[in-house]
Enquirer: 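I am attaching a structure below and will ask some questions about it afterwards.
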Number of protein chains: 2
Amino acid sequence: MSAKRPTLADVARLAGVSTATVSYVVNGQTHGKVIISEETRQRVLEGIKRLDYQPDARAKSLRAGSSQLIGILIPDMHNPHYWEIVEGVEEKAHQAGYELLLSCTSLALHREQQAIDALSRRRIDALIALPSFPEQSRELLQAMAARNYPIVMVGNDFIATDTVVTGYEAQTRALMAHLLGLGHLRIGFVFGVGSPALGVNRWHAYVSSLAEAGLPVDETLVDRCGVTIEDGYQAARRLLAQPQPPTALLVVNDLLAIGVLLAAAEQGLTVPDDLSVAGFDDINLAAYLNPPLTTVRAHAKEIGREAARLAITRLGARTLPVQHVVVQPQLVLRASTGPAPG
Amino acid sequence: MSAKRPTLADVARLAGVSTATVSYVVNGQTHGKVIISEETRQRVLEGIKRLDYQPDARAKSLRAGSSQLIGILIPDMHNPHYWEIVEGVEEKAHQAGYELLLSCTSLALHREQQAIDALSRRRIDALIALPSFPEQSRELLQAMAARNYPIVMVGNDFIATDTVVTGYEAQTRALMAHLLGLGHLRIGFVFGVGSPALGVNRWHAYVSSLAEAGLPVDETLVDRCGVTIEDGYQAARRLLAQPQPPTALLVVNDLLAIGVLLAAAEQGLTVPDDLSVAGFDDINLAAYLNPPLTTVRAHAKEIGREAARLAITRLGARTLPVQHVVVQPQLVLRASTGPAPG
DNA sequence: CGATTAGGCTTAATCGATTAAGTCGAAAAT
DNA sequence: ATTTTCGACTTAATCGATTAAGCCTAATCG
């Protein structure tokens, strides 16, 4: 039972032709040189069906020098934001005949470096990287880039290559203007990022918006925490337990905002009457939270599409000048923000 | 600039040895036969470092006949439940030296079949399958199984192979007992599954619990909907808009329950005072919803671990009798369920 | 002192495709 | 009646590893 998987040679034998012929039939395109008669073609096709032959992608890739595989490195499977980016990448990649090889760094440096190494060994054609530790992984990525490996960095520009970043500044300022306009004077920030570099533009916009409004950066209103919902929950508990709690909270992403909303509810605070909460990303869930979350939509799927587009473009034109795409986010006002209490 | 990637042969040339020697050094294990002097070893290692050589996984896999890759097929990236299963698989797989090749079927039949085909072409060593369309994909999967391809089916047993399933019946009945004990007489069911077969054990337990309590299955309290949060939201709106709405809702998974909670809030209903809501899975989020969700914990990570364990075991013992693992879930009571109103 | 043995490599076949460069017979051109 | 051309394939090198089997040389054994 269960012989080995059939190969080109098996099909060739069955059809009474050479492996070359089978290959030409399978791939359709004979490069204009070789012609296969319709009769032979049918015989080969028949054999393929009979044996249920499927080409070996490894062999094909080895010989062809291209794996038709785009690697994508994301920090964490728990944040829907990343899935949405992956979806965008997948959409474009598929259209262009590429498949995706997905790796999660699980927010651990050694896992990130292992993952980069593994992708590289599998000879992916290009890498779309959302590293959790851009500083520490820079060298590895740069080594890949130096080998003419197309890399697209998403969300940061730690190496000199194609990039897709979100232009958070303007919309963070718009969000701050929204909150300030609602009368909030104590606006806190739950800043839970894997690496400080990753949230830097949101942070800067927060600081400068406060400055322009003549308000100080009150470090007692800022909590630098981890990246899980639980971290957001704990951070909010700490911030809200203070004698002078914030009346509004920016949360560096929607996932953490879920924890923040629960912490608020547990302290008996009604959102937005007692506390306004705003997130970033606009993950799918955000509109279904209780209350629906005001947020800055990153257009994750579009980011993914752009990243894939850049990667595929570069695969066809290695010497093109480096490209930088900025995807502009959008302020989405929902029910979680409202006038300052009192 | 940027020459081609270095191969074994390049390292061999640099070190002045044969490719065989380099291979032996790289892999450490010489099968007890071949001995390499420490001096040569060092020279080769030096060359590897100098060229930054990384073995080509495709070539290795082609020759070795094993890709050290476990494929995993999940329905949908949007449900955290699946990610948790993947995490469990990854944990065990990594321990055993396997990597994961993840494919999403995106809930479309043709994508599912494409994905199975692609995994098969990449010559994964084993497949862990959570198909969205078990009936329709059965034939494809069976064809793989017939080739002695280790397959582990998770959540259903549509083909005769190793399986991991969740034993939902008992805990669904426990959940129903909980609700009935709280005085609920109109218990609805938001039944949003990709394929009816996938939720069948929950459905049966629901029906038989009602029967045992002497209650009819009221189809006006049941909504068979899609699998997104929005579907859950819409289903709940429909159910709650009726003249005789349910006082409690089972929701086939926690993701849909998010939408249900919002629908309830929008109708001005307080959970659990006016409506009790219970989900299944206990995704990470469930404890952070507002209110925290009563649910049946599936132990997703454990399911993933078990699936990986079965796959790896079978890779080492093809002729072992088929194994069936049942992971027992656990009722988790939180704040979303309470006494029936009135 | 000739025959093993052990150490330390190398040679070359192999995995399953792709593809440039033939081959061979028949029809068309000269 | 040759020579070309063309249609319809085949041959064999190649991609980058792995690994069984072989080949020296020097040391050890009987």
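Protein chains get the first letters and strands the later ones, always in sequence-line order, with residue 1 at the start of each.
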Enquirer: Can you spot which of B:His324, B:Arg314, B:Gln323 makes a side chain to side chain donor-acceptor pair (under 3.5 Å) with B:Asp162?
Expert: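 Among B:His324, B:Arg314, B:Gln323, the one meeting side chain to side chain donor-acceptor pair (under 3.5 Å) with B:Asp162 is B:Arg314.
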Enquirer: In this structure, how many angstroms lie between the P atom of C:dA17 and the CD atom of A:Gln68, rounded?
Expert: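 Answer to the nearest Å: 17 Å.
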Enquirer: Which label fits B:His78 and A:Trp83: parallel for a plane angle under 30°, tilted from 30 to 60°, or perpendicular past 60°?
Expert: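 Rings of B:His78 and A:Trp83: perpendicular, over 60°.
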Enquirer: Salt bridge or not between A:Arg111 and B:Glu90? Use side-chain N to carboxylate O under 4.0 Å.
Expert: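 So A:Arg111 pairs with B:Glu90 through a salt bridge.
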Enquirer: Check whether the side chains of B:His81 and B:Asn79 place a donor and an acceptor atom closer than 3.5 Å, and report yes or no.
Expert: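 Judged by distance alone, the side chains do not pair up.
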Enquirer: Using a cut-off of 4.0 Å between protein heavy atoms and nucleotide atoms, how would you tag nucleotides 9-16 of chain D 5' to 3' with B, S and -?
Expert: BBB-BBBB
Enquirer: Do B:Ser61 and A:Arg58 get their side chains close enough for a donor-acceptor pair, meaning under 3.5 Å?
Expert: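 Yes, side-chain donor-acceptor contact under 3.5 Å.
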Enquirer: Do A:Arg5 and B:Ser120 meet the criterion of a side-chain donor-acceptor pair at a distance under 3.5 Å?
Expert: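 Yes, because at least one side-chain N or O of A:Arg5 sits under 3.5 Å from a partner of the opposite role on B:Ser120.
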Enquirer: Determine, for B:Glu135 against B:Arg138, whether the closest basic-nitrogen to carboxylate-oxygen distance falls under 4.0 angstrom.
Expert: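 Salt bridge: no.
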Enquirer: Regarding B:Arg121 and A:Asp56, does a basic nitrogen lie under 4.0 Å from an acidic carboxylate oxygen?
Expert: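 Looking at B:Arg121 and A:Asp56, the cut-off is not met.
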Enquirer: Compute the angle between the rotation axes at the two ends of the helix from C:dC1-D:dG30 to C:dT30-D:dA1, each taken over five pairs, rounded to 10 degrees.
Expert: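 End-to-end axis angle: 70°.
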Enquirer: B:Ser23 side chain N/O closer than 4.0 Å to the phosphate oxygens (OP1, OP2) of D:dA17?
Expert: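 False: B:Ser23 side-chain N/O out of range (4.0 Å or more) of D:dA17 OP1/OP2.
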